[in-house]
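Heads up, the thing below is written out as C-alpha cells.
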Amino acid sequence: GFSEWIAYGLQQNPDMKVFISIPPIDFPANWNDTAQYYGFNSIELFYDYMVNTIIHKTVVDPLRTQFPNTSIFTIPTGWAALNLYSLKEDGQLLDSINYFGPQATSLFTDAKGHQGQIIVEAGTLMWMKGIYQVDLGTNSFQTGFNTDLHGLADQIMNDHDPNYKQ
C-alpha cells in the first residue's frame, strides 16, 4: 500500500516528502500479554523493536530503495500513547483521565485502542515538530490539558532515530 500511495503522490508532486506515522500496538489492555507473546518483557521494548526493526528496516528502508529521490521519514506517535499510559499507571498524569471511555476524558475510546484526545494532542505536537521543526519548548499551542504534552512530544521526537526524522 505504501508503494502505491507514494507512486501516486509523486505523480501529483514529484518533490513531495513522505512521513509515516507509527501507531501504538493495538488492544492496550493486553499490552503486557502481547509483549510477552513476542518474547519481550515490556510493551515499551516490543514497541521499540517494532519501530526500529519491523517498520524502519522492513518497510521504510525498502521504500527508500524503491524511491531513492524521495525523502521518507517516520513519526512514532505510538510513543505518546505508551508514555501517557505509563504516566497514568504511575499516578503522574496532571489531568483526570480514564484508561477507556469518552474521547475527551480517556486515553483510549475503545478496546482496540483508538486514541483519546490527550493522545491526539500529543501526536499533533509530534507532527508539528517532525514536519515543521516547531520548537515545542517555546510553542504556545494550547492542548487543553495540564500534563506537559509539549515536553512529552519534544522528548519523544528528540529520542527518535535521526536517520528517520527530517
### Closest approach of Y164 to K57 (non-hydrogen atoms, all atoms of both residues)
OH-NZ, 3.4 Å

### Query
Do Q92 and S86 come close enough that some side-chain heavy atom pair is under 4.5 Å?
no

### Task
Measure the acute angle between the ring planes of Y38 and F46, then classify it against the limits of 30° and 60° as parallel, tilted or perpendicular.
parallel

### Message
Check whether N98 reaches the backbone of G101 with its side chain - one donor and one acceptor, N or O, closer than 3.5 Å.
### Response
no

### Task
Answer yes or no: does atom CD of E4 have more than 12 heavy-atom neighbours from other residues, nucleotides or ligands under 6.0 Å?
no

### Neighbour count >12 (heavy atoms, 6.0 Å) for atom CZ, F67
yes

### Task
Compute the centroid of each ring, for F108 and then for W31, and state whether the two points are separated by less than 6.0 Å.
yes

### Query
Can you find a heavy atom in the side chain of L84 that is under 4.5 Å from one in the side chain of I97?
no

### Message
So does D15 get a backbone contact from the side chain of N13, meaning a donor-acceptor N/O pair under 3.5 Å?
### Response
yes

### Query
Atom CG of L63 and atom CD1 of I72: how far apart are they, to the nearest 0.5 Å?
5.0 Å

### Query
Where the side chain of D154 meets the backbone of H150, is there a donor-acceptor pair that is under 3.5 Å apart?
no

### Query
Can you name the nearest heavy-atom pair linking A153 to M126, along with the distance?
CB-CG, 3.6 Å

### Hydrophobic cluster membership, F100 vs V120, 4.5 Å side-chain cutoff
no

### Query
Do side-chain atoms of D95 reach the backbone of N146 as a donor and acceptor pair under 3.5 angstrom?
yes

### Message
Starting from F19, can I reach L125 by hopping between I/L/V/M/F/W/Y residues whose side chains sit under 4.5 Å apart?
### Response
yes

### Query
Donor-acceptor pair, T74 side chain versus I20 backbone, under 3.5 Å?
no

### Query
How far apart are the closest heavy atoms of D26 and K112, and which atoms are they?
OD2-NZ, 2.5 Å

### Query
Cation over ring, K88 on Y99, under 6.0 Å and within 45°?
yes

### Query
Under 4.5 Å between side-chain heavy atoms, hopping through other hydrophobics if needed: is there a path connecting L149 to Y132?
yes

#### Entry: Close side-chain approach of F2 to V18, heavy-atom, < 4.5 Å
no

### Query
Roughly how far, to the nearest 0.5 Å, is the CZ atom of F141 from the CG atom of L136?
10.5 Å

### Query
For the residue pair P28 and G113, what are the closest heavy atoms and their distance?
CD-CA, 3.6 Å

### Query
Could you state the interatomic distance from CD1 (I131) to CH2 (W127), rounded to the nearest 0.5 Å?
5.0 Å

### Query
Is there a donor-acceptor pair closer than 3.5 Å between any side-chain N or O of S42 and the backbone N or O of L45?
yes

### Query
What distance separates Y85 OH from I43 CD1, expressed to the nearest 0.5 Å?
10.0 Å

### Message
Is there a path of hydrophobic side-chain contacts, each under 4.5 Å between heavy atoms, that joins V60 and W5?
### Response
yes

### Query
Hey, what do you get for CD1 (I54) to CG (D48), rounding to the nearest 0.5 Å?
11.0 Å

### Query
Does a sphere of radius 6.0 Å around CG in D159 hold more than 12 heavy atoms from other residues, nucleotides or ligands, not counting ones at 6.0 Å or beyond?
yes

### Task
Please indicate whether Q142 has more than 12 foreign heavy atoms, meaning atoms of other residues, nucleotides or ligands, lying under 6.0 Å from its CD.
no

### Message
Please tell me whether Y37 and V51 are part of a single hydrophobic cluster in this structure, the criterion being side-chain heavy atoms less than 4.5 Å apart.
### Response
yes

### Task
For the pair H160 and H56, name the ring-plane relationship: parallel under 30°, tilted 30 to 60°, perpendicular over 60°.
tilted

### Task
State, without any angle test, whether K129 and N139 hold a side-chain donor-acceptor pair at a distance under 3.5 Å.
no

### Task
For residues L87 and N83, determine if any side-chain heavy atom of one lies less than 4.5 Å from a side-chain heavy atom of the other.
no

### Task
Determine the minimum heavy-atom distance between Q166 and G130, stating which atoms define it.
NE2-O, 3.5 Å

### Query
When rounded to the nearest 0.5 angstrom, what distance separates CD in Q117 from OG1 in T143?
9.5 Å

#### Entry: Any side-chain heavy-atom pair of W79 and M157 under 4.5 Å
no

### Query
Can you tell if the side chain of L107 reaches within under 4.5 Å of the side chain of I118, non-hydrogen atoms only?
yes

### Nearest heavy-atom neighbours spanning T77 and S21
OG1-OG, 2.8 Å

